Amino acid sequence: MPDRIPPHQTVTSGFPVLHAGSVPRMPGPRDWRFAIRGLVRRPRILTWEDMLALPRVRITADIHCVTGWSKLDVTWEGVPTRAVHALAGADPRACCVMVHGANDFSANLTLEDFLAPGCLFAIAVDGRPLSPEHGGPMRLVVPQLYFWKSAKWVTGLEYLAEERPGFWEERGYHLHGDPWKEERYW
Ligand SMILES: Nc1nc2c(c(=O)[nH]1)N[C@H]1C(S)=C(S)[C@@H](COP(=O)(O)O)O[C@H]1N2
Ligand SMILES: [Mo]
């Protein structure tokens with residue numbers, strides 16, 4: 001499958017757990033919140049109920065981690081990023097988003113990448129609810145980029161007029177992160 005595995009990646013059958021810091025204790029369904037702010041016409045705070053009322057999709061995609069492992073055919077279920085985006089009414093000046101996660105995590109994305117087909121806020125993987133280690137109750141999944149962009153334990157979304165580096169990007173990871181171009185570090 002030479003066309004399927006990006007350069008210098010090795011396929012694994014396991015599902016490694018990787019993140020900075022420790023697994024946060026996330027609020028339960030009654031207290032969980034997701035803030036949409038920045039350059040939007042309708043800033044808002046979504047509850048878990050609000051999120052679950054949005055459309056759902058299921059996608060199957062490959063994971064490529066910048067540390068060199070790839071995992072093929074992972075099925076994710078959740079809310080398409082486009083559905084969340086539609087709620088906010090982005091200002092035309094917004095080019096980018098910062099996706100925020102617990103423990104001050106963040107990942108920057110252009111709107112084009114954030115809204116690419118297959119991008120979703122996942123609540124389940126391979127038919128089971130997301131475990132806390134893998135970002136439960138909800139994580140972002142951006143299948144076309146290295147997996148560090150797929151923020152776990154999401155808490156919100158910020159629309160920006162200029163791209164700004166997120167957590168790993170500030171620590172030397174590439175601003176974009178295309179595995180096919182090996183945009184690993186900069
Ligand atoms: N909140 C948060 N999300 C994060 C990270 C992190 O440190 N904090 N690390 C990223 C990195 S570097 C990787 S490789 C993937 C790992 O996801 P997994 O533990 O489900 O395999 O999560 C990404 N999302
Ligand atoms: Mo990573």
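All residue numbers in this chain count up from 1 along the given sequence. Here the structure is a predicted model, which is why all the values come from computation and not from measurement.
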Under a 3.5 Å threshold, yes or no: a donor from one side chain and an acceptor from the other, between His19 and Asn103?
no
Evaluate the side-chain proximity of Arg82 to Pro117: yes if any heavy-atom separation is below 4.5 Å, no if none is.
yes
Taking the side chain as every heavy atom from C-beta outward, state whether Leu160 and Leu39 have any atom pair closer than 4.5 Å.
no
Short question: side chain of Ser150, backbone of Val142 - any donor-acceptor pair under 3.5 Å?
yes
Asp104 atom CG, over 12 foreign heavy atoms within 6.0 Å:
no
Are Leu120 and Phe15 linked, directly or through intermediate hydrophobic residues, by side-chain heavy-atom contacts shorter than 4.5 Å (ILVMFWY only)?
yes
After noting the C-alpha distance and the side-chain angles of Val154 and Val99, does the key distance pass the side chain to side chain contact (heavy atoms under 4.5 Å, CB included) rule?
CA-CA 7 Å; Val154 290; Val99 179; 3.9 Å; yes
Is the side chain of Asn108 donor-acceptor paired with the backbone N or O of Val97 at a distance under 3.5 Å, no angle test?
no
What is the distance from atom CZ of Arg164 to atom CD of Glu162, rounded to the nearest 0.5 Å?
10.0 Å
Side-chain heavy atoms nearer than 4.5 Å, only ILVMFWY residues, links allowed to pass through others: does that put Val23 and Trp168 together?
no
Between Pro55 and Ala83, the two heavy atoms sitting closest are CD-CB, 3.9 Å
For the residue pair Asp113 and Lys149, establish whether any side-chain heavy-atom pair is separated by less than 4.5 Å.
no
Which of Trp48, Trp76, Trp153, Phe34 passes ring-ring contact (aromatic ring centres under 6.0 Å, His included) with Phe121? It is Phe34
Supply the atom-to-atom distance Glu163 CD to Leu111 CG, rounded to the nearest 0.5 angstrom.
10.0 Å
Do the ring planes of Phe105 and Phe167 sit parallel (below 30°), tilted (30 to 60°) or perpendicular (above 60°)?
tilted
Between Glu169 and Trp148, does the side chain to side chain donor-acceptor pair (under 3.5 Å) criterion hold? Intermediate values first, please.
CA-CA 9 Å; Glu169 295 82 5; Trp148 86 75; 2.8 Å; yes
Heavy atoms, side chains only, cut-off 4.5 Å: are Leu157 and Tyr159 in contact?
yes
Is Pro143 close to Ile59 at the side-chain level, that is, under 4.5 Å between some pair of heavy atoms?
yes
Look up atom NE2 in His176 and atom CD in Glu112, then write down how far apart they are to the nearest 0.5 Å.
7.5 Å
Got a second to check how far Thr10's OG1 is from Ile5's CD1, nearest 0.5 Å?
9.0 Å
Would you check if the side chain of Arg33 reaches a backbone N or O of Thr155 as a donor-acceptor pair within less than 3.5 Å?
no
Closest non-hydrogen atom pair between Val74 and Ile63, with its separation
CG2-CD1, 3.8 Å
Any side-chain donor near an acceptor of the partner, Lys152 and His134, under 3.5 Å:
no
Does the side chain of Leu87 reach to within under 4.5 Å of the side chain of Asp50, using non-hydrogen atoms?
no
Over 12 foreign heavy atoms within 6.0 Å of CD1, Ile45:
no
Do Val84 and Met26 land in one hydrophobic cluster if side-chain heavy atoms of ILVMFWY residues count as linked below 4.5 Å?
yes
Using side-chain heavy atoms (C-beta onward) and a distance below 4.5 Å, is Leu130 in contact with Met138?
no
Would one find more than 12 heavy atoms of other residues, nucleotides or ligands at under 6.0 Å from atom CZ of Arg42?
yes
Ignoring hydrogens and geometry beyond distance, is a side-chain donor-acceptor pair present between His64 and Gln9 at under 3.5 Å?
no
Any chance the side chains of Gln144 and Asp178 put a donor and an acceptor closer than 3.5 Å?
no
Is there a continuous path of hydrophobic side-chain contacts, each under 4.5 Å between heavy atoms, that joins Ile36 to Leu52?
yes
I'd like to know if the side chain of Arg184 reaches the main chain of His174, judged simply by a donor and an acceptor atom lying under 3.5 Å from each other, with no hydrogens or angles considered.
no
hydrophobic_cluster_shared for Val79 and Val141, side chain cutoff 4.5 Å:
no
Decide yes or no on side chain to side chain contact (heavy atoms under 4.5 Å, CB included) for Leu175 and Trp186, but give the supporting numbers first.
CA-CA 8 Å; Leu175 262 191; Trp186 64 320; 3.8 Å; yes
Where do Phe147 and Thr67 land on the side chain to side chain contact (heavy atoms under 4.5 Å, CB included) test, with the steps shown first?
CA-CA 10 Å; Phe147 204 34; Thr67 60; over 6 Å; no
Tell me whether Arg171 forms a cation-pi arrangement with Tyr173, defined as NZ or CZ under 6.0 Å from the six-membered ring centre and within 45 degrees of its axis.
no
Can Glu183 and Leu145 be said to form a side chain to side chain contact (heavy atoms under 4.5 Å, CB included), step by step?
CA-CA 9 Å; Glu183 293 172 340; Leu145 299 178; 5.6 Å; no
Without hydrogens or angle criteria, can the side chains of His100 and Glu158 be said to hold a donor-acceptor pair below 3.5 Å?
yes
Is there a side-chain contact between Cys65 and Tyr146 (heavy atoms, below 4.5 Å)?
no
May I have all residue pairs that pass salt bridge (Lys or Arg N to Asp or Glu O under 4.0 Å) and include part of residues 70-79, sequence neighbours excluded?
Arg4-Asp73, Arg56-Glu77, Arg58-Glu77
